[in-house]
Amino acid sequence: MKKIAICVLCAVAGAAAAWGVCQNLCANKKAAVSESAQKQTVPEKKKKVITGYGYIRGYSATTLRNKYAAFVKKVYFYSDAKVKKGDCILEYDDFDLRKKIITTENSIANLKRELEHLQTQLELTLLDPLPSDYRHVTLKTRRAKELLDRSEREYLAYKTLYASKSVSELDMRSKKQAYEDAHAAYEIAVADQAKVKKGLRELRIKQAQQDVEACKTKLAGLEKELQILNEERKFYKIISPYDGIIVTNSDTVYAWNNAAVSAAVIHKIHKGYYIYSYFEEKDIVHIPDGTPGKFYSTDDGQSYDLKSFEVSSSRTAVGEKVYHLVKFRVLSPVGKRVSMEGNGIITVEVP
């Protein structure tokens with residue numbers, strides 16, 4: 001509020017034209033009073049005019065800010081336009097957000113295909129949970145034991161024959177190698193059978209199920225992320241929270257706005273218009289509640305009848321002068337289009 005006050009008070013020079021209008025009106029009024037005084041035998045008390053400087057506001061005002069830095073894409077309502085609750089005042093370009101949404105949608109599509117593949121793998125695992133090397137491990141173990149026993153008998157027989165010089169050393173070594181190979185194959189079969197007994201089948205099924213669940217979790221996370229990204233789209237639109245008149249700060253399409261700047265101010269006017277003005281400290285004693293006044297707008301040239309209803313005790317120093325905020329209600333009807341926050345001059349006649 002203090003910043004606005006200083007800006008308004010510094011706009012005194014820009015209000016010179018309206019003040020000229022005010023002076024002319026006052027001069028005309030004095031001339032009328034003088035002419036009336038000549039016709040009356042009892043002289044009227046003379047009055048002086050004190051001036052303040054202020055701006056138009058609604059019953060209340062809300063500043064609407066953009067959450068993300070972006071370019072202005074489209075302006076639906078310009079300053080001083082009337083808006084309804086839910087109207088989109090302006091929209092920002094969400095190009096970067098749209099890229100993230102497309103990337104996330106593609107990731108979700110790929111993950112859904114992967115999940116479908118993993119679910120098929122799980123069904124196959126449930127039908128045949130063991131790898132090919134373990135599917136007939138019991139039969140393979142029995143067969144390996146038979147081969148081992150036969151190889152052992154042949155090897156022992158050839159060993160005896162070799163001792164009696166009935167077979168060559170080469171034949172005996174061949175049988176020995178066959179026996180050792182059969183023994184190794186039997187030990188492998190026994191180890192594989194032990195793995196199956198320890199739960200290889202159940203572990204394979206569990207692993208396939210875990211792969212499916214992990215993919216589902218990842219997919220759910222991406223879908224939640226996509227939902228949040230879509231929800232963020234609302235932050236690229238400035239929406240009116242209630243009926244009122246707006247003052248936008250982003251009327252230029254393709255203009256760049258930093259994050260958290262004031263995109264628009266909406267004024268609630270269902271209880272009328274108000275004038276926020278500043279008078280010198282020495283003059284506020286003449287402006288009790290209910291004091292009539294006049295506002296001359298330097299923006300649209302309109303003038304409104306006023307009545308004061310509140311004088312702030314807080315002091316605002318500008319240079320060597322001290323000012324107080326004085327609030328007025330607008331009494332006279334206003335036009336269909338009012339320059340909200342427009343500057344102007346307030347005049348009050350006092351004895």
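The first residue of the sequence shown is numbered 1, and numbering continues consecutively from there.
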- Do I108 and L118 sit in the same hydrophobic cluster, where Ile, Leu, Val, Met, Phe, Trp and Tyr count as joined when their side-chain heavy atoms come under 4.5 Å apart? yes
- side chain to side chain contact (heavy atoms under 4.5 Å, CB included) test vs V311 passes for just one of V326, T291, V285, namely V326
- Message: Centroid separation under 6.0 Å, is that true for the rings of Y278 and Y323?
- Response: no
- Message: Using the rule ring pair (Phe, Tyr, Trp, His ring centres under 6.0 Å), only one of Y304, F295, F328, F309 pairs with Y274; which is it?
- Response: F309
- Using 4.0 Å as the upper bound for N to carboxylate O, is an ion pair formed by D149 and K145? yes
- Donor-acceptor contact below 3.5 Å, side chain T298 vs main chain N343: yes
- Indicate whether the side chain of Q207 and that of D211 have a donor and an acceptor atom separated by less than 3.5 Å. no
- Item | Under-4.0 Å salt bridge between K268 and D243 | no
- Message: What I want to find out is whether D289 reaches R329 closely enough, with some N-O distance under 4.0 Å, to be called a salt bridge.
- Response: no
- Query: Hey, are Y76 and E91 close enough side-chain-wise for a donor-acceptor pair under 3.5 Å?
  - Reply: yes
- Query: Are Y236 and F71 grouped together when hydrophobic residues (ILVMFWY) are joined by side-chain heavy atoms under 4.5 angstrom apart?
  - Reply: no
- Item | Exercise: do S262 and N249 side chains pair donor with acceptor under 3.5 Å | yes
- Message: Please determine whether a side-chain nitrogen of the Lys or Arg among K206 and E202 lies less than 4.0 Å from a carboxylate oxygen of the Asp or Glu.
- Response: no
- hydrophobic_cluster_shared for V265 and Y276, side chain cutoff 4.5 Å: no
- Do the charged groups of R143 and E146 touch, with an N to O distance under 4.0 Å? yes
